[in-house]
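Working notes, beginning with the structure itself.
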Amino acid sequence: VQLQASGGGLVQAGGSLRLSCAASGRTFSTKAMGWFRQTPGKEREFVATISWSGSSTYYADSVKGRFTISRDNAKNTVYLEMNSLKFADTAVYYCAATQGSRWREVSGMNYWGKGTLVTVSS
């Protein structure tokens, strides 16, 4: 499975961005896809995941109510709609996919895309 993230950029605090993650390869083998983020000097952290069917979603407490994860299986693409962005949301965002059951853990992901940088100016 190959993952390609896009959509990052510079936005003012309070603004919005939408990230996209296009998947290719044996995507049918994955149970869920999600987003994680990382800032310099910190560990990569969970942001949101969505099941293959889209019926189950999970969010980190820090983004709940502001971010929405969704997917379009016809396009093999997962999206992360980010609203009311804060300076603390500044990070490199990574798309990931898993064949396992630990959907909120970095170590639970089997596939990773290259990151896309989101910078929120205060």
Side-chain angles (χ1 to χ4, degrees):
V1 177
Q2 294 78 45
L3 304 172
Q4 179 66 51
S6 61
L10 174 64
V11 63
Q12 288 188 330
S16 300
L17 273 179
R18 189 176 80 157
L19 304 182
S20 299
C21 176
S24 60
R26 297 173 62 88
T27 57
F28 58 85
S29 68
T30 60
K31 291 185 178 179
M33 290 180 63
W35 294 93
F36 293 73
R37 65 187 183 186
Q38 188 171 22
T39 54
K42 292 188 177 181
E43 294 186 351
R44 194 168 298 185
E45 65 176 11
F46 164 73
V47 176
T49 51
I50 186 168
S51 62
W52 174 252
S53 68
S55 61
S56 298
T57 57
Y58 301 91
Y59 296 93
D61 288 342
S62 59
V63 306
K64 202 171 292 183
R66 300 188 298 120
F67 291 11
T68 302
I69 190 170
S70 62
R71 66 188 302 156
D72 183 342
N73 285 346
K75 296 181 179 179
N76 283 335
T77 301
V78 171
Y79 304 97
L80 185 67
E81 185 74 36
M82 304 184 295
N83 298 315
S84 301
L85 282 161
K86 305 175 181 180
F87 178 73
D89 295 318
T90 296
V92 176
Y93 284 71
Y94 294 90
C95 177
T98 180
Q99 296 173 320
S101 58
R102 295 180 291 121
W103 295 4
R104 284 170 276 198
E105 300 177 30
V106 171
S107 60
M109 298 294 115
N110 300 110
Y111 307 99
W112 292 92
K114 293 182 179 180
T116 185
L117 177 62
V118 172
T119 303
V120 183
S121 61
S122 58

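Computed over heavy atoms, backbone and side chain alike; hydrogens, waters and symmetry mates excluded. In this chain, numbering begins with 1 at the start of the sequence shown.
With rounding to the nearest 0.5 Å, the separation of OG in S51 from CZ in R71 is 7.0 Å. Going from atom OG of S56 over to atom NZ of K31 covers 12.5 Å, rounded to the nearest 0.5 Å. Atoms CG and OH, from L3 and Y94 in turn, are 13.5 Å apart once rounded to the nearest 0.5 Å.
Between R44 and W112, the closest side-chain pair of non-hydrogen atoms falls below 4.5 Å. Contact annotation: the side chain of M82 never approaches that of V11 to less than 4.5 Å [non-hydrogen atoms, C-beta and beyond]. Contact check for V106 versus E43: no side-chain heavy atoms found under the 4.5 Å cut-off. Counting heavy atoms from C-beta on, the side chains of R37 and S62 come closer than 4.5 Å. The closest side-chain heavy-atom distance from E81 to S70 is not below 4.5 Å.
Considering every non-hydrogen atom in both A48 and L80, the closest pair reads CB-CD1, 4.2 Å. When all heavy atoms of S16 and N83 are compared, the closest pair comes out as OG-OD1, 2.8 Å. T27 and W52 get closest at one heavy-atom pair: O-CZ3, 3.6 Å. Closest approach of Q38 to K42, counting heavy atoms only: NE2-O, 3.1 Å. Smallest separation of non-hydrogen atoms from V1 and S29: CG2-OG, 4.2 Å. Considering every non-hydrogen atom in both M33 and A23, the closest pair reads CE-CB, 4.1 Å.
Annotation: side-chain hydrogen bond (donor to acceptor under 3.5 Å, both in side chains) contacts of K64 (sequence neighbours excluded): D61. Taking F46 as the reference, F36 meet the ring-ring contact (aromatic ring centres under 6.0 Å, His included) condition, with sequence neighbours excluded.
No side-chain donor-acceptor contact under 3.5 Å links R104 to the backbone of A60. At least one donor-acceptor pair closer than 3.5 Å links the side chain of R66 to the backbone N or O of S84. Side-chain atoms of S55 never come within 3.5 Å of backbone atoms of S53 as a donor-acceptor pair (strictly under, hydrogens ignored).
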Side-chain donor-acceptor pairs of residues 113-122 under 3.5 Å, sequence neighbours excluded:
{"unit_1": "T116", "atom_1": "OG1", "unit_2": "G8", "atom_2": "N", "d": "3.1"}

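When the shell of 6.0 Å around CD of Q99 is examined, it contains more than 12 heavy atoms from other residues, nucleotides or ligands.
Of the listed residues (I69, V47, I50, T49), just one forms a side chain to side chain contact (heavy atoms under 4.5 Å, CB included) with Y59, and that residue is I69.
Cluster annotation: Y111 is connected to L19 through the hydrophobic network of ILVMFWY side chains, with a link wherever side-chain heavy atoms come within less than 4.5 Å. W103 and V78 fall into different hydrophobic clusters, where Ile, Leu, Val, Met, Phe, Trp and Tyr are joined by side-chain heavy atoms under 4.5 Å apart, directly or via other members. Linking ILVMFWY side-chain heavy atoms closer than 4.5 Å, directly or via other members, places Y93 and Y58 in two distinct hydrophobic clusters.
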